[in-house]
Amino acid sequence: MKRLALVVGFCTLTAMAGEYQSLQRIWATETAKIEAAMERYPRAFQDGFIIAAFPETIKVGPEAVRKFENQQRFAEHFQQRGVPVQICISSTLGHHDGWTVPGDYPKMVGSDGTVTKAMACPRAPAFIANICARASRHAALHPKVIWLDDDFRIPSHQPADMACFCPDCVQAFNTTYGFAFDRAALVTAICSDAIVNGVNVRDVWSAY
């Protein structure tokens, strides 16, 4: 069980070049234990592995695995050994308030007006710059593949049901499409497939 504790909890089956590969998603720590596991179970890592690159702004996982310097050292070590290394940029928008450290970014607002405590508005310029910087530094490690975590989505960022209906997002949407909605009216228009100014509000909101 101690050996298996190194694995985040699941493997990924992926088709690359017409062949299936089994990739363990692991924390970027305890190099010696991973090497020992590779020696004992060589087929378990024959396709390489995926580093779960959680940021320091998330609460889950040991502190050491959230530090980029450790992720970098771990990746470079195994790349030098010829092991294919992939990176999953984990917690991009953030999963939910309970996992995410509150920051100074404008907060995400759900369709019912619920304001989150830690989830950032995904259109906030400073937040976008932060995600770009994270992606750039991981790309600089030249992994075989970069994955985005499943939280890179519009719905389900509890307590917000959908991202994002904050005043800035609604106003920018109105400006872009010539509307004059407040949040509640926008939600009603989306849910009713309303046609305003000759366009389907749901369609253009989804695109926006």
Side-chain angles (χ1 to χ4, degrees), residues 1-17 19-105 108 118-120 122 124-153 157:
M1 291 299 293
K2 290 183 179 179
R3 296 189 190 96
L4 295 180
L6 298 172
V7 181
V8 172
F10 62 89
C11 67
T12 298
L13 290 175
T14 182
M16 303 184 72
E19 299 180 358
Y20 283 96
Q21 297 184 345
S22 176
L23 298 159
Q24 307 293 334
R25 185 168 179 247
I26 64 177
W27 298 126
T29 53
E30 301 182 311
T31 300
K33 288 187 177 181
I34 293 293
E35 288 186 330
M38 292 175 70
E39 292 294 330
R40 186 167 183 179
Y41 308 103
R43 294 185 62 190
F45 296 97
Q46 66 182 359
D47 297 323
F49 49 70
I50 305 171
I51 294 175
F54 282 100
E56 295 179 342
T57 53
I58 196 169
K59 299 177 182 178
V60 298
E63 182 179 0
V65 305
R66 302 195 303 265
K67 291 186 177 297
F68 174 75
E69 294 78 8
N70 293 337
Q71 298 165 8
Q72 179 181 21
R73 189 180 304 113
F74 191 82
E76 291 175 345
H77 173 85
F78 285 102
Q79 285 171 328
Q80 290 171 2
R81 285 197 52 183
V83 178
V85 174
Q86 304 186 22
I87 294 177
C88 177
I89 302 179
S90 301
S91 190
T92 43
L93 298 188
H95 290 275
H96 52 77
D97 269 357
W99 278 23
T100 308
V101 177
D104 296 331
Y105 304 113
M108 186 183 295
M119 306 301 299
F127 184 67
I128 292 173
N130 175 267
I131 289 180
C132 290
R134 284 182 56 202
S136 294
R137 68 181 185 179
H138 283 104
L141 301 180
H142 304 291
K144 183 178 180 181
V145 176
I146 288 182
W147 302 75
L148 290 178
D149 208 347
D150 65 285
D151 74 300
F152 194 70
R153 59 178 180 259
H157 295 282

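Everything numeric in this text was worked out from a predicted model, so none of it was measured.
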Legend entry - Closest heavy-atom pair and its distance - Q71, A53: OE1-CB, 3.5 Å
Legend entry - With A64 via side chain to side chain contact (heavy atoms under 4.5 Å, CB included) - residues at least two apart: T29, N70
Inset, instruction - Can you sort out the partners of S90 under side chain to side chain donor-acceptor pair (under 3.5 Å), two or more places apart, ordered by chain and number? - result: R25
Inset, instruction - Applying side chain to side chain donor-acceptor pair (under 3.5 Å), name anything that partners E76, two or more places apart in sequence or on another chain. - result: Q72
Legend entry - salt bridge (charged side-chain N to carboxylate O under 4.0 Å, His left out) partners for R153, two or more places apart: D150
Inset, instruction - Enter the distance from R73:CZ to F68:CZ here, rounded to the nearest 0.5 Å. - result: 10.5 Å
Inset, instruction - Measure the CG-SG distance between L148 and C88 for me, rounded to the nearest 0.5 Å. - result: 7.5 Å
Inset, instruction - Looking only at non-hydrogen atoms, find the nearest pair between A44 and Q24 and report the distance. - result: O-CG, 3.8 Å
Legend entry - Partners meeting ring pair (Phe, Tyr, Trp, His ring centres under 6.0 Å) with H96 (sequence neighbours left out): W99
Inset, instruction - Check whether the ring centres of F45 and Y41 lie less than 6.0 Å apart, and answer yes or no. - result: no
Legend entry - Within-4.5 Å side-chain heavy-atom neighbours: I51 and H138: no
Inset, instruction - For residues K59 and D97, report the shortest heavy-atom separation together with the two atoms involved. - result: NZ-O, 4.0 Å
Legend entry - Distance in Å, K33 NZ paired with I26 CD1, rounded so as to fall on 0.5 Å steps: 13.0 Å
Legend entry - With L93 via side chain to side chain contact (heavy atoms under 4.5 Å, CB included) - residues at least two apart: P122, F127, I131, D151, F152, H157
Inset, instruction - Name all residues meeting the side chain to side chain donor-acceptor pair (under 3.5 Å) criterion together with R81; count only those two or more places apart in sequence or in a different chain, and write none if there are none. - result: E35
Inset, instruction - Identify, with sequence neighbours excluded, every residue that meets side chain to side chain donor-acceptor pair (under 3.5 Å) alongside H142. - result: none
Legend entry - Rounded distance [0.5 Å steps], CD1 in I34 versus CZ in F78: 6.0 Å
Inset, instruction - Kindly write out the residues that satisfy salt bridge (charged side-chain N to carboxylate O under 4.0 Å, His left out) with E56, not counting sequence neighbours, or none if the list is empty. - result: K67
Legend entry - Considering all heavy atoms, the nearest G48-V83 contact: CA-CG1, 4.0 Å
Legend entry - With sequence neighbours excluded, residues passing side chain to side chain contact (heavy atoms under 4.5 Å, CB included) with I128: C132
Legend entry - CG on L23 to CD on Q86, rounded to 0.5 Å: 5.0 Å
Inset, instruction - Identify the two heavy atoms, one from A135 and one from I89, that lie closest to each other, and give their separation to 0.1 Å. - result: CA-CD1, 3.8 Å
Legend entry - Distance (rounded to the nearest 0.5 Å) between W27 CH2 and R66 CZ: 8.5 Å
Legend entry - Under the side chain to side chain contact (heavy atoms under 4.5 Å, CB included) test, residues paired with T100 that sit two or more places apart: A118, M119
Legend entry - Within-4.5 Å side-chain heavy-atom neighbours: F49 and V85: yes
Inset, instruction - Please confirm whether the backbone N or O of T92 pairs with a side-chain atom of D149, one donor and one acceptor, at under 3.5 Å? - result: no
